[in-house]
Trainee: 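Handing you this structure, nothing more for now.
For the numbers below, each heavy atom of this structure counts, side chains included, while hydrogens, waters and symmetry mates do not. As the structure is a prediction and not an experimental result, all values here were calculated from the model.
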Amino acid sequence: MTTRVIIVDDQAMVRAGFAALLAAQSDIDVVGDAPDGVQGVALSRRTHPDVVLMDVRMPEMDGLEAARRLLDPPIGVTHRPKVLMLTTFDVDDYVYEALRAGASGFLLKDAPPADLISAVRVVAAGEALLAPSVTRRLIADFARQRPAPRKDRASLRLNGLTPRETEVLELIARGLSNQEIADALILAEQTVKTHIGRVLAKLELRDRAQAVIFAYESGLVAPGER
């Protein structure tokens with residue numbers, strides 16, 4: 001099955017480079033590109049891509065607002081693509097807000113070509129892209145800058161989890177992969193996947209990205225912990 005992709009970035013060279021790289025893959029079809037958020041949203045509405053590569057900083061409408069409009073469309077619009085934010089370290093706070101809005105993850109714009117291709121495939125498959133090498137530091141930094149979590153309401157939601165599910169959620173927030181969680185808890189990887197599915201369902205979370213955000217904002221994991 002071919003994954004349909006659009007690229008939204010205000011730099012023409014970035015759009016052209018990413019398009020050439022992705023179009024060379026037999027399972028990826030680049031169906032368009034746009035230089036800003038306004039045109040990106042319109043293009044997505046017309047072409048119905050599976051994945052939108054979305055730059056954070058752009059004229060007219062930034063990537064955060066564009067992601068919000070794609071992931072929370074108006075009544076009558078049913079298409080909701082996966083959104084993968086393209087970023088640099090100096091705009092991390094925008095990425096945090098994008099994850100809260102429902103973006104499936106983020107990718108550094110200077111990542112190796114193989115990482116870009118893999119990221120599109122991972123997100124298209126319905127997984128969240130949160131690289132352990134940066135997730136722990138970035139999300140912890142975001143949480144440290146936020147007001148203290150409202151543990152009253154969040155605790156009620158956490159109480160619905162079993163002790164094992166709570167353990168799994170904590171390890172997700174620390175940036176561990178499914179295999180690493182399985183090794184830590186001495187479980188089969190498929191069992192871990194089952195637990196993650198139950199955690200997302202019980203907490204009414206869209207994906208792994210939102211699970212990380214919830215774990216920090218609820219106080220289950222404190223910034224700086226490892």
Side-chain angles (χ1 to χ4, degrees), residues 1-131 134 138 142 206-210 213:
M1 182 177 177
T2 301
T3 297
R4 295 166 57 82
V5 177
I6 66 171
I7 303 164
V8 186
D9 192 293
D10 63 339
Q11 297 181 22
M13 290 184 64
V14 171
R15 297 197 307 273
F18 283 5
L21 177 65
L22 294 173
Q25 312 306 307
S26 61
D27 59 334
I28 298 175
D29 185 13
V30 178
V31 297
D33 64 81
D36 60 60
V38 172
Q39 294 184 55
V41 171
L43 178 64
S44 178
R45 298 274 197 260
R46 293 196 308 271
T47 61
H48 291 184
D50 301 300
V51 177
V52 176
L53 293 180
M54 181 78 74
D55 189 19
V56 173
R57 286 183 171 174
M58 294 180 292
E60 302 299 330
M61 180 190 294
D62 65 24
L64 176 57
E65 180 59 28
R68 287 194 184 111
R69 295 193 183 193
L70 291 178
L71 296 167
D72 187 20
I75 295 175
V77 177
T78 59
H79 178 251
R80 288 182 175 84
K82 302 291 193 306
V83 176
L84 178 60
M85 304 302 297
L86 300 171
T87 185
T88 54
F89 281 114
D90 64 329
V91 289
D92 290 340
D93 195 57
Y94 288 93
V95 177
Y96 175 83
E97 294 299 337
L99 292 175
R100 294 189 68 191
S104 294
F106 58 89
L107 183 72
L108 298 180
K109 294 181 76 171
D110 60 356
D115 287 1
L116 172 64
I117 297 168
S118 175
V120 169
R121 289 171 175 158
V122 166
V123 170
E127 298 293 330
L129 184 74
L130 290 172
V134 294
L138 292 182
F142 301 148
R206 184 179 292 111
D207 55 28
R208 197 185 192 98
Q210 290 197 334
I213 298 296

Trainee: What pair of heavy atoms forms the shortest contact from Ala34 to Arg15, and how long is it?
Mentor: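 Heavy atoms of Ala34 and Arg15 come nearest at O-CD, 3.3 Å.
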
Trainee: Ignoring hydrogens, what is the shortest heavy-atom contact between Ser104 and Val123? Give both atom names and the distance.
Mentor: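 For Ser104 and Val123, the tightest heavy-atom pair comes out as CB-CG1, 3.7 Å.
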
Trainee: If you take all heavy atoms of Pro59 and Asp36, which pair is closest and at what distance?
Mentor: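 Answer, listing the atom of Pro59 first, then Asp36: O-CB, 3.1 Å.
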
Trainee: What's the verdict on side-chain contact (heavy atoms from CB on, under 4.5 Å) for Leu53 and Asp9, showing C-alpha distance, side-chain angles and the deciding distance?
Mentor: CA-CA 8 Å; Leu53 293 180; Asp9 192 293; over 6 Å; no

Trainee: Kindly indicate whether the side chain of Val5, heavy atoms from C-beta on, has any atom under 4.5 Å from the side chain of Phe18.
Mentor: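 Not in contact.
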
Trainee: Is Arg4 reaching over with its side chain to a backbone N or O of Thr47, donor-acceptor style, under 3.5 angstrom?
Mentor: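 Here the side-chain-to-backbone pair exists.
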
Trainee: Determine the sole option in Asp50, Leu22, Asp27 for which the side chain to side chain contact (heavy atoms under 4.5 Å, CB included) test with Thr3 is passed.
Mentor: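 Only match with Thr3 under side chain to side chain contact (heavy atoms under 4.5 Å, CB included): Asp50.
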
Trainee: Quick one, Pro35 and Glu60 - any side-chain contact, counting heavy atoms below 4.5 Å?
Mentor: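 Of all side-chain heavy-atom pairs linking Glu60 with Pro35, none is under 4.5 Å.
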
Trainee: Does any N or O in the side chain of Asp29 come within less than 3.5 Å of the main-chain N or O of Val31, such that one atom is a donor and the other an acceptor?
Mentor: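 No, the answer is negative, given that no donor and acceptor are paired below the 3.5 Å cut-off.
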
Trainee: Restricting to non-hydrogen atoms, name the atom on Arg80 and the atom on Pro73 that form the minimum distance, rounded to 0.1 Å.
Mentor: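 Where Arg80 meets Pro73 most closely, the heavy atoms are NE-CD, 3.4 Å.
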
Trainee: On a heavy-atom basis, which atom in Ala67 and which in Met85 lie closest, and how many Å separate them?
Mentor: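 Closest pair (atom of Ala67, atom of Met85, distance): CB-SD, 4.3 Å.
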
Trainee: Going by the side chain to side chain contact (heavy atoms under 4.5 Å, CB included) test, name the single residue among Ile6, Leu21, Ile7, Val120 that passes it with Val30.
Mentor: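 Per the side chain to side chain contact (heavy atoms under 4.5 Å, CB included) rule, the option paired with Val30 is Ile7, out of Ile6, Leu21, Ile7, Val120.
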
Trainee: Report the distance from atom CZ of Phe106 to atom CG of Leu84, rounding to the nearest 0.5 Å.
Mentor: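 So the CZ of Phe106 and the CG of Leu84 are separated by 10.0 Å.
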
Trainee: Is the backbone N or O of Arg46 less than 3.5 Å from a side-chain atom of His79, with the two atoms forming a donor-acceptor pair by type?
Mentor: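 Checking the backbone N and O of Arg46 against the side chain of His79, no donor-acceptor pair under 3.5 Å is found.
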
Trainee: Rounded to the nearest 0.5 Å, how far apart are CZ of Arg121 and CG of Leu116?
Mentor: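 It comes to 10.0 Å.
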
Trainee: Report yes if some heavy atom in the side chain of Leu64 is under 4.5 Å from a heavy atom in the side chain of Val56; otherwise report no.
Mentor: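 No, too far: nothing below the 4.5 Å cut-off.
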
Trainee: Shortest non-hydrogen contact from Pro49 to Ser44?
Mentor: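 Result for this residue pair: CD-O, 3.5 Å.
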
Trainee: Side-chain contact, heavy-atom cut-off 4.5 Å: Asp55 with Gln11?
Mentor: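 SC-SC contact between Asp55 and Gln11 ruled out.
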
Trainee: Within this structure, what is the CG-CD distance for the pair Asp33 and Gln39, rounded to the nearest 0.5 Å?
Mentor: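 CD of Gln39 is found 9.5 Å from CG of Asp33.
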
